[in-house]
Chemist: 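Input: one structure, supplied below.
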Amino acid sequence: MPSLEDDLFPSTPGKFKIERAHTMNRQMYRCFASTSTMFLWALFLIALTASYLSFQGFVDSGSRYLSASWGGIQWEKQVRDSAQIHRNGGMSVLVTGAAGFVGTHVSLALKRRGDGLVGIDNFNNYYDPSLKKARKALLNSHGVFIVEGDINDAKLLAKLFDTVAFTHVMHLAAQAGVRYAMENPHSYVHSNIAGLVTLLEVCKSANPQPAVVWASSSSVYGLNEKVPFSESDRTDQPASLYAATKKAGEEITHTYNHIYGLSITGLRFFTVYGPWGRPDMAYFSFTRNILQGKPITIYRGKNRVDLARDFTYIDDIVKGCIGSLDTAGKSTGSGGKKRGPAPYRIFNLGNTSPVTVPKLVSILESHLKVKAKRKIVDMPGNGDVPFTHANISSARRELGYKPTTDLQTGLKKFAKWYLSYYGYNHGKSVN
């Protein structure tokens, strides 16, 4: 097979003769004529190729648009229908993390009373995504549309605000968990800081600006030893990266309130539990292991002191979230320009009745009718704190917040849901 060099050079070097001048001129003329023709053809081919590539790019972009998980006439209709308000004085709410534990319950509560809402969730695999998909199916059955996307996607958020003039944002999307931060610290920065800033950037540029209610955490109290924890207590000693990102969120939201006039309400949740909960939470994993006959690990603090938590039932948390939305003052900015001061609030949402972890296990044993195999170990340095206890006087006064579910009652409801959802019958799986 001829090589590249064979195509470029004559096959018999030295046999090329120089003809007479007029012959050379004639050949030169033909050569230039041929070259001009080739040049024109080359231009034509370049133009044809450019046109094809341009058309192909148009087709590709159109295909990407049509195959994207968001966008398009049908998608916009679903968003608008879900955001439709069905009560006088109702609100239209963007709920982030809507397929999460708290997000699902808040979304259902809003929908049931006639508010409009649209959810967004990225369905990550921090815990079993099938549980999130099941929550999504539950929400869909109640007419709540969930957009699958990330809060770091500014274009998606802008599209949502272009489609619906949201009056409120309920920001619950976050990377949760204290211990997981030691394995994947960047996920906390990505979700809890970068994601929050992306969302606030879109909110401050919206016209009208929505009021923002968002989930902080009782973890911000960190190494604080004064109890019960009050909103005025110091929060500059975080014990975990998760706590640090939530504290950073409080500072960031304050900045956007101050500069852009966004109405901001931060909610410090205290150990939320209940049906459809998070599998990484202790009460959830305890239940799973107890039913499977596996040992459970119970941590204890210094001097053999039992850990205690201000366990708060999901229905009570929902009351605080809804109360925060109802009482949130309006944002004062327009298109990113502040017109005047806007409300900035932070509330504890807890139960005010801390219970030790061994007591929690005893209550679970009674509802599951199975004895736990307990393994008691000293608490490692993984970011956990020995106790939490909420002072909720501000939430009582400003939101009308009043928790009504004690741990005994709440765990009974959770156990009933768990046994049903995972197909247990008297402690035996029927799957």
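Predicted model only: the values in this text are computed from it and were never measured. Counting begins at 1 with the first residue of the sequence.
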Chemist: Is a donor from one side chain sitting under 3.5 angstrom from an acceptor on the other, for Y180 and D280?
Modeler: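 There is no such pair between these side chains.
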Chemist: Are I296 and I290 close enough that some pair of their side-chain heavy atoms sits under 4.5 Å apart?
Modeler: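 Yes - at least one pair of side-chain heavy atoms lies under 4.5 Å apart.
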Chemist: Are any side-chain N or O atoms of R135 and backbone N or O atoms of A99, one a donor and one an acceptor, separated by less than 3.5 Å?
Modeler: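 Looks like yes, one N/O pair under 3.5 Å.
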Chemist: Would you check, one step at a time, whether the test salt bridge (Lys or Arg N to Asp or Glu O under 4.0 Å) holds for K111 with D115?
Modeler: CA-CA 5 Å; K111 197 66 177 182; D115 291 309; over 6 Å; no
Chemist: Quick one: CG on L196 to NE2 on H171, what's the gap to the nearest 0.5 Å?
Modeler: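 If we round to the nearest 0.5 Å, L196:CG and H171:NE2 are 4.5 Å apart.
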Chemist: Quick check: does any side chain N or O of S366 sit under 3.5 Å from a backbone N or O of I363, one acting as donor and the other as acceptor?
Modeler: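 Checking the backbone N and O of I363 against the side chain of S366, a donor-acceptor pair under 3.5 Å is found.
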Chemist: Please report the closest heavy-atom contact between T405 and D316, naming both atoms and the distance.
Modeler: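 T405 and D316 have their closest heavy atoms at N-OD2, 3.2 Å.
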Chemist: Can you check side-chain contact (heavy atoms from CB on, under 4.5 Å) on V361 and F286, steps first, answer last?
Modeler: CA-CA 7 Å; V361 174; F286 285 168; 3.8 Å; yes
Chemist: What are the two closest non-hydrogen atoms of G261 and Q209, and how far apart are they?
Modeler: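 Reported closest heavy-atom pair: O-OE1, 3.5 Å.
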Chemist: Does any non-hydrogen side-chain atom of F269 lie less than 4.5 Å from one of L172?
Modeler: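 When only atoms from C-beta onward are counted, F269 and L172 do touch, with a gap below 4.5 Å.
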Chemist: Can the ring centres of F229 and H389 be said to be less than 6.0 Å apart?
Modeler: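 For F229 and H389, the ring centres are not under 6.0 Å apart.
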Chemist: Hey, mind stepping through T332 and K338 against side-chain contact (heavy atoms from CB on, under 4.5 Å) and telling me if it holds?
Modeler: CA-CA 6 Å; T332 59; K338 181 179 178 181; 4.2 Å; yes
Chemist: To the nearest 0.5 Å, what is the distance between CG (L262) and OG1 (T253)?
Modeler: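 Interatomic distance, L262 CG to T253 OG1, rounded to 0.5 Å: 9.5 Å.
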Chemist: Rounded to the nearest 0.5 Å, how far apart are OG of S331 and CD1 of I264?
Modeler: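 Answer for the OG-CD1 pair, S331 versus I264, is 7.0 Å.
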Chemist: Would you call I298 and V377 a side-chain contact if the rule is heavy atoms closer than 4.5 Å?
Modeler: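 No, side chains not in contact.
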Chemist: With the threshold set at 4.0 Å, does a side-chain nitrogen-carboxylate oxygen contact exist between D233 and K226?
Modeler: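 Yes, charged N to carboxylate O under 4.0 Å.
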Chemist: Taking the side chain as everything from C-beta on, heavy atoms only, tell me whether K373 gets closer than 4.5 Å to K294.
Modeler: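 No - every pair of side-chain heavy atoms lies 4.5 Å or more apart.
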Chemist: Thinking salt bridges, do E250 and K246 make one under a 4.0 Å N-O criterion?
Modeler: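 Result for this pair is no, no salt bridge flagged.
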Chemist: In the structure I gave you, are the side-chain heavy atoms of F387 and V227 within less than 4.5 Å of one another anywhere?
Modeler: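 Result yes, sub-4.5 Å side-chain heavy-atom pair found.
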Chemist: Supply the atom-to-atom distance L223 CG to T235 OG1, rounded to the nearest 0.5 angstrom.
Modeler: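 Spacing of CG (L223) from OG1 (T235) equals 12.0 Å.
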Chemist: Under the 3.5 angstrom rule, does the side chain of T271 hit a backbone N or O of F311 as a donor-acceptor pair?
Modeler: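 No.
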Chemist: Could you tell me whether D153 and K159 make a salt bridge, using a distance below 4.0 angstrom between a side-chain N and a carboxylate O?
Modeler: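 K159 and D153: not salt-bridged.
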Chemist: Could you tell me whether the side chain of I376 reaches within less than 4.5 Å of the side chain of Y299, counting heavy atoms only?
Modeler: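 SC-SC contact between Y299 and I376 ruled out.
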Chemist: Once rounded to the nearest 0.5 Å, what's the spacing between atom CG of D162 and atom NZ of K155?
Modeler: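 One finds 13.0 Å between CG of D162 and NZ of K155.
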Chemist: Which atoms form the tightest heavy-atom contact between F145 and S82, and what is the distance?
Modeler: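 Shortest heavy-atom contact: N-OG, 2.9 Å.
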Chemist: For the residue pair Y421 and A134, what are the closest heavy atoms and their distance?
Modeler: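 Of all heavy-atom pairs spanning Y421 and A134, the closest is OH-CB, 3.5 Å.
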Chemist: When the ring centroid of F284 is compared with that of Y418, is the distance short of 6.0 Å?
Modeler: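 Here the rings of Y418 and F284 have centres that are less than 6.0 Å from each other.
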Chemist: Look only at the side chain of E231 and the backbone of I392, and say whether a donor-acceptor pair between them is shorter than 3.5 Å.
Modeler: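 The answer is no, because no donor-acceptor pair under 3.5 Å joins these two groups.
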Chemist: Roughly how far, to the nearest 0.5 Å, is the CG atom of L94 from the CG atom of L117?
Modeler: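 Here the rounded value is 9.0 Å.
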Chemist: S240 side chain to A243 main-chain N or O, any donor-acceptor pair under 3.5 Å?
Modeler: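 The answer is yes, because a donor-acceptor pair under 3.5 Å joins these two groups.
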Chemist: How close do G329 and S263 get, counting heavy atoms only, and between which atoms?
Modeler: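 Shortest heavy-atom separation between G329 and S263 comes out as O-OG, 2.6 Å.
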Chemist: Just one of V102, T104, V106 clears the side-chain contact (heavy atoms from CB on, under 4.5 Å) bar with V318, so which one?
Modeler: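 Single side-chain contact (heavy atoms from CB on, under 4.5 Å) partner of V318 among V102, T104, V106: V106.
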Chemist: Can the ring centroids of F166 and F161 be said to lie less than 6.0 angstrom from one another?
Modeler: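 Close enough - the centres of the two rings lie under 6.0 Å apart.
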Chemist: When you measure from the centre of the six-membered ring of Y221, is the NZ or CZ of K247 closer than 6.0 Å and no more than 45° off the axis?
Modeler: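 Judged by the rule, K247 and Y221 form no cation-pi pair.
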Chemist: Please confirm whether the backbone N or O of S334 pairs with a side-chain atom of N207, one donor and one acceptor, at under 3.5 Å?
Modeler: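 No.
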Chemist: Taking CD in Q292 as the centre, count heavy atoms belonging to other residues, nucleotides or ligands within less than 6.0 Å. Is the count above 12?
Modeler: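 Yes - once you tally the heavy atoms of other residues, nucleotides and ligands closer than 6.0 Å, there are more than 12.
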Chemist: Should the pair W276 and W417 be assigned to parallel (<30°), tilted (30 to 60°) or perpendicular (>60°) ring geometry?
Modeler: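 Aromatic pair W276/W417 classed tilted.
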Chemist: Do any N or O atoms from the side chain of D310 and from the backbone of F270 form a donor-acceptor pair under 3.5 angstrom?
Modeler: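 Side chain of D310 to backbone of F270, a donor-acceptor pair under 3.5 Å: no, none is there.
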Chemist: Answer yes or no: is there an ion pair linking D315 with K319, defined by an N-O contact shorter than 4.0 Å?
Modeler: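 No.
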Chemist: Go through the steps to decide whether R112 and S107 satisfy the test side chain to side chain donor-acceptor pair (under 3.5 Å), and finish with yes or no.
Modeler: CA-CA 9 Å; R112 283 168 180 160; S107 296; over 6 Å; no
Chemist: Under 3.5 Å, is there a donor-acceptor pair linking the side chains of Y256 and E201?
Modeler: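 E201 and Y256 do have a side-chain donor-acceptor pair below 3.5 Å.
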Chemist: Can you give me the closest heavy-atom contact between A395 and N348, atom names plus distance?
Modeler: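 The answer is CB-O, 3.5 Å.
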Chemist: Between M170 and C321, is the side-chain contact (heavy atoms from CB on, under 4.5 Å) condition met? List the steps.
Modeler: CA-CA 8 Å; M170 185 78 229; C321 291; 3.9 Å; yes
Chemist: Please check: side-chain N/O of Y401 versus main-chain N/O of G350, any donor-acceptor pairing under 3.5 Å?
Modeler: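 Yes; judged by distance alone, with no hydrogens or angles, the pair exists.
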Chemist: Closer than 3.5 angstrom, by distance alone: can the side chain of E148 be matched with the main-chain N or O of N122 as a donor-acceptor pair?
Modeler: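 Here the side-chain-to-backbone pair does not exist.
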Chemist: Would the distance check show the side chain of T265 and the main-chain N or O of S324 forming a donor-acceptor pair, the cut-off being under 3.5 Å?
Modeler: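 Not confirmed, T265 side chain does not pair with S324 backbone.
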Chemist: Are any non-hydrogen side-chain atoms of H186 and Q175 less than 4.5 angstrom apart?
Modeler: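 No, every pair of side-chain atoms sits at 4.5 Å or beyond.
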Chemist: With respect to H367, which candidate in K412, Q408, K416 satisfies the side-chain hydrogen bond (donor to acceptor under 3.5 Å, both in side chains) definition?
Modeler: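 Answer to the side-chain hydrogen bond (donor to acceptor under 3.5 Å, both in side chains) test with H367 among K412, Q408, K416: Q408.
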Chemist: Run the salt-bridge test on K132 and D121 with the 4.0 Å N-O cut-off and return the result as yes or no.
Modeler: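 No, this pair does not count.
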Chemist: Do V213 and L267 come close enough that some side-chain heavy atom pair is under 4.5 Å?
Modeler: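 A side-chain contact under 4.5 Å exists here.
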Chemist: Can the ring centroids of Y313 and F414 be said to lie less than 6.0 angstrom from one another?
Modeler: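 No, ring centres 6.0 Å or more apart.
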Chemist: Any side-chain donor paired with an acceptor under 3.5 Å for N351 and T312?
Modeler: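 Looking only at side-chain atoms, T312 and N351 do not form any donor-acceptor pair under 3.5 Å.
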Chemist: Please evaluate residues R345 and T327 with respect to the criterion side chain to side chain donor-acceptor pair (under 3.5 Å), reporting the C-alpha separation (whole Å), side-chain torsions for both, the decisive distance (0.1 Å), and the verdict.
Modeler: CA-CA 11 Å; R345 311 180 298 172; T327 59; 3.0 Å; yes
Chemist: For L349 and R268: C-alpha separation, side-chain torsions, deciding distance, then whether side-chain contact (heavy atoms from CB on, under 4.5 Å) applies.
Modeler: CA-CA 6 Å; L349 295 185; R268 293 173 178 171; over 6 Å; no
Chemist: Decide yes or no on side chain to side chain donor-acceptor pair (under 3.5 Å) for N192 and T245, but give the supporting numbers first.
Modeler: CA-CA 6 Å; N192 301 357; T245 60; 3.1 Å; yes
